[in-house]
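Reading through the C-alpha cells given below for one structure.
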Amino acid sequence: MMKLDGIATFVAVAEAGSISEAARRLRLSKSVVSDRLVELERSLGVRLVHRSTRRLSLTEDGITFRERASRIVHEVEEAIAEMAQRSGALVGPLRISAPVTFGRMHLGPAVYPFLAKHPGIELTLDLDDRRIDLSAEGYDAVVRHGPLLDSRLVAWRLAPSRRVLVASPEYLARHGTPGAAGDLEAHRGIFYTNRGVDDWRFPGPGGATIVRGRTALRVNNGDMMRDAALSGIGIALLPTFIVGPDIASGRLQAIDAGVRPAPEFIYVAHLEGRRPSAKLRAFAECLREAFGEPPYWEP
C-alpha cells in the first residue's frame, strides 16, 4: 500500500534533483529518504528514479508519476492549511523564488513582520535571478519584475517598476548629458545580460526605438550595474527600486533623453490552474501593503 509520506518524498527528490538535497529540505536522513523511495517503487511495481554515483534522473514512469504526485501532495498540503485557516491560523510550507537584488533590498522588511504575524508558516525564500520553472521546481510562486514571459502563470501586480537611465555626475561632466535618444549612441553602456540584449529599447507610437551604445560592461546583477554606474564608467538603465536612494542623494543623476522605457510591474505569479492558497494570498497582500502606491523607493 502506498503511503503519502513516500509520495511526498519522491516529489521532493524529483524537485531537488538529489537524495541528499531532498533530505535537507525534508529534514530527514538520506537513509530514510532512500528507504521511502524504495518502498514507493516496490508498491508501484516500477522504477521511478535512475540512480548513479554522479547524478539522479527520473525514468519515464517517474516523469509520468511526478506530475500527478506533485498535484496530490499540493492538494493535501492545501487541505491541511484550509483546516487550520478555519481556526484562524495560516500554517504550512510556502516556497517562493525572488530576484537577488530586489529580495535583498526590499523583501526582508516586508517578510519579517509577515512571519511574525503568522508563525505557523514555514517560508523558504530562494533569491535567484534565473528563470524559474514553477511546475518542475516545486515553488508555490515567484516574485519578479519586468514582462511576464510564461503564459502558464497568473500574475498579481504588487507595485509599478519604473526604470530610468542613470549615470554618475562625474561621468556626465566628462562626457556630456544626452538630451535625445540618438545621443545615447556615443555613450558607454552598462547592460543587463538576463534580458539578452546589449541595447536600450523605448516604445513609441511608430514602434520601438532601439539604441546601441558602446558597451562598457555586461553583467547579470542589478547591484553590480548600480555600482558600475556609481563608479563613473557609463550609463545604466535600472529600476528605481535599486537606484531611487542614489538619485535622491545626488550620487546618481536621472537622464531625460526624451524617451521612456516600457512600463513594468513587480508581481507575484503562480501556476495557472492551481488554486492559490490562503498563505500565498496573504503573502502577496502583505507585500502590496509594504511597498505602497506609489512605492516607497520612488525618488
Side-chain angles (χ1 to χ4, degrees), residues 4 8 11-12 15-16 25-27 69-161 239-241 264-298:
L4 181 60
V11 171
E15 290 174 353
R25 293 182 185 180
L26 294 170
R27 299 177 186 175
S70 297
R71 205 175 304 142
I72 290 168
V73 171
H74 177 78
E75 289 295 328
V76 170
E77 288 176 349
E78 287 311 308
I80 293 170
E82 189 174 323
M83 292 301 102
Q85 187 185 359
R86 292 188 179 208
S87 65
L90 295 176
V91 300
L94 183 63
R95 193 165 177 231
I96 305 291
S97 170
V100 174
T101 300
F102 184 79
R104 182 186 61 78
M105 294 182 71
H106 301 291
L107 280 186
V111 164
Y112 304 146
F114 172 74
L115 293 176
K117 182 179 179 181
H118 303 290
I121 290 179
E122 303 168 17
L123 177 65
T124 299
L125 183 60
D126 288 337
L127 301 185
D128 198 326
D129 288 336
R130 68 184 175 85
R131 191 174 298 175
I132 299 295
D133 186 337
L134 282 182
S135 62
E137 299 184 55
Y139 289 99
D140 294 289
V142 294
V143 175
R144 286 292 184 268
H145 60 91
L148 181 65
L149 301 176
D150 191 335
S151 61
R152 299 173 300 168
L153 298 182
V154 176
W156 301 333
R157 291 182 178 181
L158 302 176
S161 177
T240 53
F241 69 73
E264 294 184 347
F265 292 88
I266 296 159
Y267 59 86
V268 60
H270 65 88
L271 276 175
E272 186 178 35
R274 179 177 289 184
R275 187 178 64 170
S277 66
K279 299 190 297 288
L280 181 58
R281 291 184 182 277
F283 178 78
E285 186 56 33
C286 162
L287 297 186
R288 192 177 291 113
E289 290 179 3
F291 299 156
E293 180 62 48
Y296 66 81
W297 53 74
E298 282 293 328

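One-based numbering along the sequence shown.
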Rounded to the nearest 0.5 Å, how far apart are [atom1] of [X] and [atom2] of [Y]?
X: L287; Y: I96; atom1: CG; atom2: CD1; result: 8.5 Å
X: S277; Y: L94; atom1: OG; atom2: CG; result: 6.0 Å
X: E293; Y: R288; atom1: CD; atom2: CZ; result: 10.5 Å
X: F241; Y: H106; atom1: CZ; atom2: NE2; result: 6.5 Å
X: S70; Y: E15; atom1: OG; atom2: CD; result: 5.5 Å
X: I132; Y: R144; atom1: CD1; atom2: CZ; result: 5.5 Å

So, do P295 and P160 sit near enough that their side-chain heavy atoms are less than 4.5 Å apart? yes

Please examine the side chains of I121 and V91, heavy atoms only from C-beta on, and report whether any two atoms are closer than 4.5 Å. no

Between [X] and [Y], which heavy-atom pair has the shortest distance, and what is it?
X: L4; Y: I72; answer: CD1-CG2, 4.2 Å
X: A284; Y: W156; answer: CB-CE3, 3.6 Å
X: H145; Y: S161; answer: CB-OG, 4.1 Å
X: E264; Y: P147; answer: OE2-CD, 3.6 Å
X: A98; Y: L107; answer: CB-CD1, 3.4 Å
X: A12; Y: L26; answer: CB-CD1, 3.8 Å

Tell me whether D129 contacts the main-chain N or O of V100 through its side chain, where contact means a donor paired with an acceptor under 3.5 Å. yes

Test your reading of the model: is there a side-chain donor-acceptor pair from D140 to the backbone of R95, 3.5 Å cut-off? yes

Hey, would you say the H270 and Y139 ring centroids sit under 6.0 Å apart?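 Not under 6.0 Å, so no.
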
Does CZ belonging to R104 count more than 12 external heavy atoms closer than 6.0 Å?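 Atom CZ in R104 is crowded, with more than 12 foreign heavy atoms closer than 6.0 Å.
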
Stepwise side chain to side chain contact (heavy atoms under 4.5 Å, CB included) test for V154 and L271: CA-CA 6 Å; V154 176; L271 276 175; over 6 Å; no

Is the NZ or CZ atom of R157 both under 6.0 Å from the centre of the six-membered ring of F265 and within 45° of that ring's axis? yes

Got a sec, which pairs hit ring-ring contact (aromatic ring centres under 6.0 Å, His included) with one end in residues 273-293, sequence neighbours left out? F102-F291, F114-F283, F291-W297

Any chance the side chains of S97 and R130 put a donor and an acceptor closer than 3.5 Å?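 Distance-only check fails for S97 and R130.
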
